[in-house]
Amino acid sequence: MVDARSVRPHIDALIEDAVRAAVAAGELPDVAAPGATVERPKDSTNGDFASTLAMRLGRAAMRPAPEIAAVIARHVASDPAVDPPTISGAFINFRLSDRFVQSEVERCIAEGAAFADITVGAGKRAQVEFVSANPTGPLHVGNGRGAAIGDALASALQAAGYAVEREYYVNDAGTQTDTFGETLYARYQQLFGREAPVPADGYPGQYMAGLAEEIKQEAGDRFLRDEGEPCPPALAQLGIELMVRHIRRTLDAFGVHYDRWFSERSLYEGESGFDTVMGLLREKGYLAEREGATWFTSSDLGEGKDNVVIRSDGRPTYYASDIAYHYDKFIRRGFDLVIDVWGADHHGHVSRVKTATGAVGGDGDALHILLYQLVTLKRGSEVVKLSKRSGEIITLDELIEEVGRDAARFFFLLRSPGSQMDFDLDLAVKQSSENPVFYVQYAHARLASILDRAKEQGLTPDGGDVALLTQPHELALIREMMRLPEIIETVANTFEPQHLPHYAMALATAFHTFNDAFKQQDDSSLKVITDNAELSRARLRLVLAAKIALARVLDVMGVDAPERM
RNA sequence: GCGGCUGUAGCUCAGUGGAUAGAGCAUCUGUCUUCGGAACAGAGGGUCGGGGGUUCGAAUCCCUCCAGCCGUACCA
């Protein structure tokens, strides 16, 4: 049975059959026809789908492309899902039949939120690792962008059939952890009246003093050592744990929930991933000792330079951890698809990690590292650098508090990850059409409200006949709903989540247009709820289906779909 | 220096091989005595950073130049 998810390949098949028929009839030379020529026309007046096959065939068939198009179109078999094709230039244009469009309302209601789910990822396991900020401080606004992108991507992959795991990589080992410990210990000692300056390369933020205070409340002077002694390791670890807890709370508030929090330190424990990976690299001759350090000779694998994996003081670098971590993802856990969402300041690391992943037996092509650019906060046209309250960098907590999680997530997703974005704090809280978040959520609330109003009058969608949905605005709204599976597919294949909010806006507009068209025409028989109960029930079915579709795309974005506002 | 990302309407940005390059906001003009006006319809507005190339067809691919941002650690 053809539905919105399969109609494009279905039309492709119709075209391919038509070419074969034309060849058999001697009207076309026997040429190799490329498949997958069906696309969405930019301008909907050209129909719902169009094939560019004739243009691609033009030269091989030795005839003008428009003639080829006409020949092919003539041989397209009649089909219940599409009207007979038309020719425009060399495009072969298809319009979905009213009946097929109407049937999608029934399918949507029958399948509910799953109506847009697809199967491209069926049977495959995917991991999305995102945020993974060092637990040396609170999350900032940029981490929020990574959180919104990673979480939405994970949801889209789930909708595309993948078994998805969301993961946070906790950097609880290494130099920055040590620096964090030293800073924390300095703040801690200060609480006991000692002259202990924060290290020059430490973390100057006031939150560190707060953290020290918290620990003092809990543990008193238990971590205090003699003057001049270094930070006790247990204090650093406790500090990290508390920071991780704080980060987790922030992400909870943002609506992001992980399947696993993966400790970097665990790579060095037990059947150590680190040892395994170093053994593998040594075995393959990719390790070299120079200047007292151990280097991964990545330049042999096409990298610009070699990189240190074990420092001259014997401690592994973060790069070594990352190699072991990706070995764990690909080899130990066997993911088919791995997505790392990183801030753009890590881009120098991308190629190295892919190369190393390949060197230890992982599939570098199945590793997709998604970089997102920085976020500039603004109020109107004024750039906001620091928090008024703390005088320090603005945290994700503050952003959520100020604009709400829905607006924050929607705006973060709206821009493609690769472009630097301005986040206008004033705009995000505006309750007007300037603000796309409210525009979309309002559409959902309005849909809910229509169903409520109908129910008060004893009308429900039950028993409505979708064949009665013949008005242009009705069919246009259904057509918009039918695009959701395509949007899911695009996001799952390209890892570009910005299509989700753009689609949500388009669907909301289609609904508002549908809803207003009835008002504008000054004809009460055109409203959803009319004197004609049969017609009302049919339209309520459409309202119900549109509500399901809008709620679904919002759900994938991690944005609430309110019943009233 | 080398490398990456970005450059599209006044602003913020979609569009990465197809038809006359789109959306939102802003501006202007209208609609409806509102099943929720947080609405709708329409108009104006473009050397797609510049130049060259590939292609039946280029904002999209290649080369080159320019501008902005980021990277180029025995930091992460």
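Numbers restart at 1 for each chain; the letters A, B, ... are given by sequence-line order, proteins then strands.
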Do we see A:Phe91 stacking on the base of B:rG18, given a limit of 5.5 Å between centres and 30° between planes?
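Not stacked by the 5.5 Å and 30° rule.
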If you pin A:Ile310 and A:Ala50 to their nearest nucleotides in RNA chain B, which one's is more 5'?
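Going by which nucleotide is closer to the 5' end, it is A:Ala50.
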Given that A:Glu496 and A:Arg564 both sit by RNA chain B, which one's nearest nucleotide is further toward the 5' end?
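Mapping each residue to its closest nucleotide by heavy atoms, the 5'-most match is A:Glu496.
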Sugar-phosphate only, base, or nothing, as touched by [X] at under 4.0 Å among non-hydrogen atoms:
X        : answer
A:Met421 : sugar-phosphate
A:Ala454 : nothing
A:Gln498 : sugar-phosphate
A:Asp422 : sugar-phosphate

Would you kindly check whether a donor in the side chain of [X] faces an acceptor in the base of [N], or vice versa, at under 3.5 angstrom?
X        : N      : answer
A:Asn515 : B:rC35 : yes
A:His346 : B:rA76 : yes
A:Tyr318 : B:rA76 : yes
A:Asn93  : B:rA19 : yes

Using modelled atom types and a 3.5 Å cut-off, is there a donor and acceptor pairing between side-chain atoms of A:Arg539 and backbone atoms of A:Leu468?
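Absent.
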Would the distance check show the side chain of A:His347 and the main-chain N or O of A:Ala344 forming a donor-acceptor pair, the cut-off being under 3.5 Å?
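Judged by distance alone, yes, a pair lies under 3.5 Å.
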Sticking with atom P, work out how far B:rG7 lies from B:rA59, rounded to a whole angstrom.
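Approximately 15 Å lies between the P atom of B:rG7 and that of B:rA59.
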If I pick the P atom on B:rU64 and the same atom on B:rG4, what distance separates them, to the nearest angstrom?
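Roughly 11 Å separates the two P atoms.
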Consider the side chain of [X], meaning its heavy atoms from C-beta on, and name the nucleotide among [options] that approaches it most closely.
X        : options                : value
A:Thr513 : B:rG18, B:rC40, B:rA76 : B:rC40
A:Ser88  : B:rA39, B:rA19, B:rC74 : B:rA19
A:Glu39  : B:rA14, B:rG18, B:rG36 : B:rG18
A:Ile450 : B:rG18, B:rG36, B:rC13 : B:rG36
A:Val308 : B:rC13, B:rC40, B:rC74 : B:rC74
A:Arg415 : B:rC40, B:rC74, B:rA14 : B:rA14

Which letters describe nucleotides 2-10 of chain B, given B = protein heavy atom under 4.0 Å from base, S = only from sugar-phosphate, - = neither?
-BBSS----
Ignoring backbone atoms, test whether [X] places a side-chain nitrogen or oxygen under 4.0 Å from the OP1 or OP2 oxygen of [N].
X        : N      : answer
A:Tyr372 : B:rC69 : no
A:Arg315 : B:rA76 : no
A:His512 : B:rG36 : no
A:Thr175 : B:rA76 : yes
A:Arg453 : B:rG36 : yes

Dot-bracket encoding of pairs in RNA chain B, which uses [ ] for pseudoknotted crossings and | for another strand, Watson-Crick or G-U under 3.5 angstrom:
(((((((..((((....[...)))).((((((....).))))).....(((((..]....))))))))))))....
Ionic contact status for [Y] with [X], cut-off 4.0 Å:
X        : Y        : answer
A:Lys329 : A:Asp340 : yes
A:Asp516 : A:Arg446 : yes
A:Arg379 : A:Glu402 : yes
A:Asp422 : A:Lys378 : yes
A:Glu486 : A:Arg483 : no

Please lay out, stage by stage, how A:Tyr325 and A:Tyr169 fare under the test ring pair (Phe, Tyr, Trp, His ring centres under 6.0 Å).
CA-CA 9 Å; A:Tyr325 183 37; A:Tyr169 179 57; 4.0 Å; yes
Side chains of A:Gln373 and A:Ser419: donor-acceptor distance under 3.5 Å anywhere?
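On atom types as modelled, these side chains do not qualify, holding no pair under 3.5 Å.
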Near A:Arg282 CZ, under 6.0 Å, is it more than 12 heavy atoms from other residues, nucleotides or ligands?
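Not more than 12 within 6.0 Å, no.
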Would you be so kind as to tabulate the donor-acceptor pairs closer than 3.5 Å made by side chains of residues 286-294 of chain A, with sequence neighbours excluded?
residue	atom	partner	partner atom	Å
A:Glu289	OE1	A:Thr294	OG1	2.9
A:Arg290	NH2	A:Asp306	OD2	3.0

